[in-house]
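Below: one structure, written as structure tokens.
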Amino acid sequence: MSNRMPSPDRSRIAGFDPQIQPVLPSAPLPLLPPECLCLDAIREAFRQPVDWQVEPLFAQAFVPGGDSYARARQAAVLMPLVQRETGLNVLFTRRADHLHHHAGQISFPGGRIESTDSGPVAAAIRETHEEIGVEQRFVQVIGMQPTLLTTTQFLMTPVVGELLPGFRLRPDEAEVAEVFEVPLAVLMDPGLHVLHRMETSLGHGRCYFAIRWQSHFIWGATAILIRNFYHFLAAARGIRAPGAGDGVRVVR
């Protein structure tokens with residue numbers, strides 16, 4: 001469900017097009033049963049201890065240390081779940097093309113944690129209101145996911161929350177080009193998680209996951225967080241997935 005007419009994503013960074021980079025094989029993962037893709041099951045998963053691991057290809061980015069960690073800027077994003085008649089959806093934004101960071105890319109609403117924020121949850125809720133106009137009273141926090149150190153030096157903490165019925169969208173046109181929803185069942189289908197490889201100007205190979213839905217190309221940090229959410233829900237259901245390859249450099 002889109003707030004505006006969709007247009008092709010213009011995901012371009014450093015002079016390369018992430019949509020046309022070579023595709024690499026990745027280990028097949030099992031599908032999640034439909035019953036674990038509902039709000040009650042997700043709430044229950046966060047209420048109980050879950051023994052799980054982040055996406056193996058990006059494990060080092062979730063355990064940052066040293067100078068990279070010290071210099072990173074704290075940030076938070078909201079992974080907004082929306083209940084529709086057809087099932088559970090996830091809300092995304094397409095960032096305005098003129099922004100300095102991740103222009104034109106698909107992302108969750110969010111941004112830097114300010115000194116006035118009490119923590120990642122407060123920052124994610126505040127940024128969601130500032131970016132797309134959803135008031136705090138319509139955000140019901142469910143839980144948090146592991147913090148990711150991005151290549152742009154942000155320590156990004158994902159907050160999972162439900163957008164309660166009655167919320168209204170008022171996107172900030174200076175930051176947001178489009179607001180749209182994707183069915184959670186689509187995002188949690190690991191067969192749609194495509195692993196790409198790019199070559200940097202220094203000749204180093206890097207990889208990233210991407211998910212294509214309609215005209216939208218979801219990749220980078222957002223795709224990693226989606227992939228992680230799959231691993232979390234799978235582990236909460238007792239589904240053990242085979243690990244992905246080790247030792248591959250990644251781009252976020």
Side-chain angles (χ1 to χ4, degrees), residues 1 24-63 76-92 106-108 110 120-121 124 139-148 156-165 181-195 207-213 216 218-246 248 250 252:
M1 183 172 183
L24 296 178
S26 57
L29 300 177
L31 276 173
L32 301 180
E35 56 267 25
C36 73
L37 301 180
C38 65
L39 282 170
D40 286 344
I42 292 171
R43 293 192 192 100
E44 182 60 29
F46 278 101
R47 279 196 291 262
Q48 62 183 353
V50 177
D51 180 16
W52 71 289
Q53 295 181 343
V54 298
E55 167 56 43
L57 282 177
F58 298 85
Q60 290 184 343
F62 288 95
V63 193
V77 297
L78 181 69
M79 184 184 295
L81 305 178
V82 184
Q83 184 64 60
R84 300 298 185 188
E85 290 185 2
T86 55
L88 205 56
N89 285 358
V90 181
L91 184 144
F92 295 89
I106 304 303
S107 65
F108 295 117
V121 170
V139 180
Q140 186 173 85
V141 174
I142 299 175
M144 297 169 63
Q145 292 273 274
T147 298
L148 170 71
M156 180 190 299
T157 300
V159 178
V160 180
E162 177 191 2
L163 297 189
L164 300 176
E181 297 177 17
V182 181
L184 180 63
V186 170
L187 300 172
M188 294 296 101
D189 182 351
L192 300 179
H193 302 174
V194 179
L195 185 63
C207 298
Y208 55 91
F209 279 107
I211 303 166
R212 188 181 295 277
W213 185 78
H216 300 291
I218 304 168
W219 72 290
T222 304
I224 298 174
L225 299 185
I226 293 169
R227 181 86 169 179
N228 253 18
F229 197 50
Y230 164 86
H231 286 301
F232 172 73
L233 294 182
R237 191 72 182 181
I239 299 172
R240 298 299 174 183
D246 296 322
V248 182
V250 297
R252 294 175 290 283

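What's counted below: heavy atoms across the whole structure, side chains too, no hydrogens, waters or symmetry copies. If you read the sequence from its start, that first residue is 1, and numbering goes on from there. Predicted model, so just to flag it, every value in this text is computed and none were measured.
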Practice item. Could you check if a side-chain atom of R212 sits within less than 4.5 angstrom of a side-chain atom of V194, using non-hydrogen atoms only? Key: no

Review point. Under 30°, 30 to 60°, or over 60°: which ring-plane class applies to F108 and F92, parallel, tilted or perpendicular?
Key: parallel

Exercise for review: Indicate yes or no: at least one non-hydrogen side-chain atom of E162 is less than 4.5 angstrom from one of I42.
Suggested key: no

**Study point:** P183 to N89 - nearest heavy-atom pair and separation
**Key:** CA-OD1, 3.3 Å

Exercise for review: Could you tell me how the ring of F232 sits relative to the ring of F46: parallel (under 30°), tilted (30 to 60°) or perpendicular (over 60°)?
Suggested key: tilted

Review point. Is there side-chain contact between L88 and C38, with heavy atoms separated by less than 4.5 Å?
Key: no

Review point. Is any side-chain heavy atom of L32 closer than 4.5 Å to a side-chain heavy atom of D189?
Key: no

Review point. What closest approach, in Å, do A41 and C36 show between heavy atoms, and which atom pair accounts for it?
Key: CB-CA, 3.6 Å

Point to revise | Reported NE2-to-CG distance for the pair H231 and L29, which is rounded to 0.5 angstrom | key: 6.0 Å

Check your understanding: Looking at side-chain heavy atoms only, is the closest gap between V139 and L163 below 4.5 Å?
Key -> yes

Check your understanding: Do you know which two heavy atoms are closest between A76 and P120, and how far apart they sit?
Key -> CB-O, 3.3 Å

Review point. Under 4.5 Å between any side-chain heavy atoms of V82 and V90, yes or no?
Key: no

Exercise for review: Start with the C-alpha gap between L184 and F229, add the side-chain angles, then the distance that decides, and say whether side-chain contact (heavy atoms from CB on, under 4.5 Å) holds.
Suggested key: CA-CA 10 Å; L184 180 63; F229 197 50; 4.3 Å; yes

Revision key, fill the gap. Residues A45 and A236: closest non-hydrogen pair is CB-CB, 3.6 Å

Check your understanding: Is the side chain of H193 donor-acceptor paired with the backbone N or O of L187 at a distance under 3.5 Å, no angle test?
Key -> yes

Practice item. Let me see the working for R43 and Q140 under side-chain contact (heavy atoms from CB on, under 4.5 Å), right down to the final yes or no. Key: CA-CA 11 Å; R43 293 192 192 100; Q140 186 173 85; 3.9 Å; yes

**Study point:** T157 and Q145, any side-chain heavy atoms less than 4.5 Å apart
**Key:** no

Revision key, fill the gap. Residues passing the side chain to side chain donor-acceptor pair (under 3.5 Å) test with E44, sequence neighbours excluded, are R47

**Study point:** Full working for side-chain contact (heavy atoms from CB on, under 4.5 Å) between V159 and V141
**Key:** CA-CA 7 Å; V159 178; V141 174; 3.9 Å; yes

Check your understanding: Atom CG in L39, atom CD in Q83: separation rounded to 0.5 Å?
Key -> 5.0 Å

**Study point:** F209 side, atom CZ; L57 side, atom CG - distance, nearest 0.5 Å
**Key:** 5.0 Å

Review point. CD1 of I226 to CD1 of I211: how many Å apart, nearest 0.5 Å?
Key: 4.0 Å

Practice item. For residues S107 and T222, report the shortest heavy-atom separation together with the two atoms involved. Key: CA-OG1, 3.4 Å

Exercise for review: Could you go through the side-chain contact (heavy atoms from CB on, under 4.5 Å) check for W219 and I106 one step at a time?
Suggested key: CA-CA 7 Å; W219 72 290; I106 304 303; over 6 Å; no

Review point. Where do M144 and V121 come nearest, in terms of heavy atoms and distance?
Key: SD-CG2, 3.9 Å

Practice item. State, with a plain yes or no, whether a side-chain heavy atom of L233 is found less than 4.5 Å away from one of L37. Key: yes

Review point. For the side chain of N228 and the backbone of E55, is there at least one donor-acceptor N/O pair under 3.5 Å apart?
Key: yes

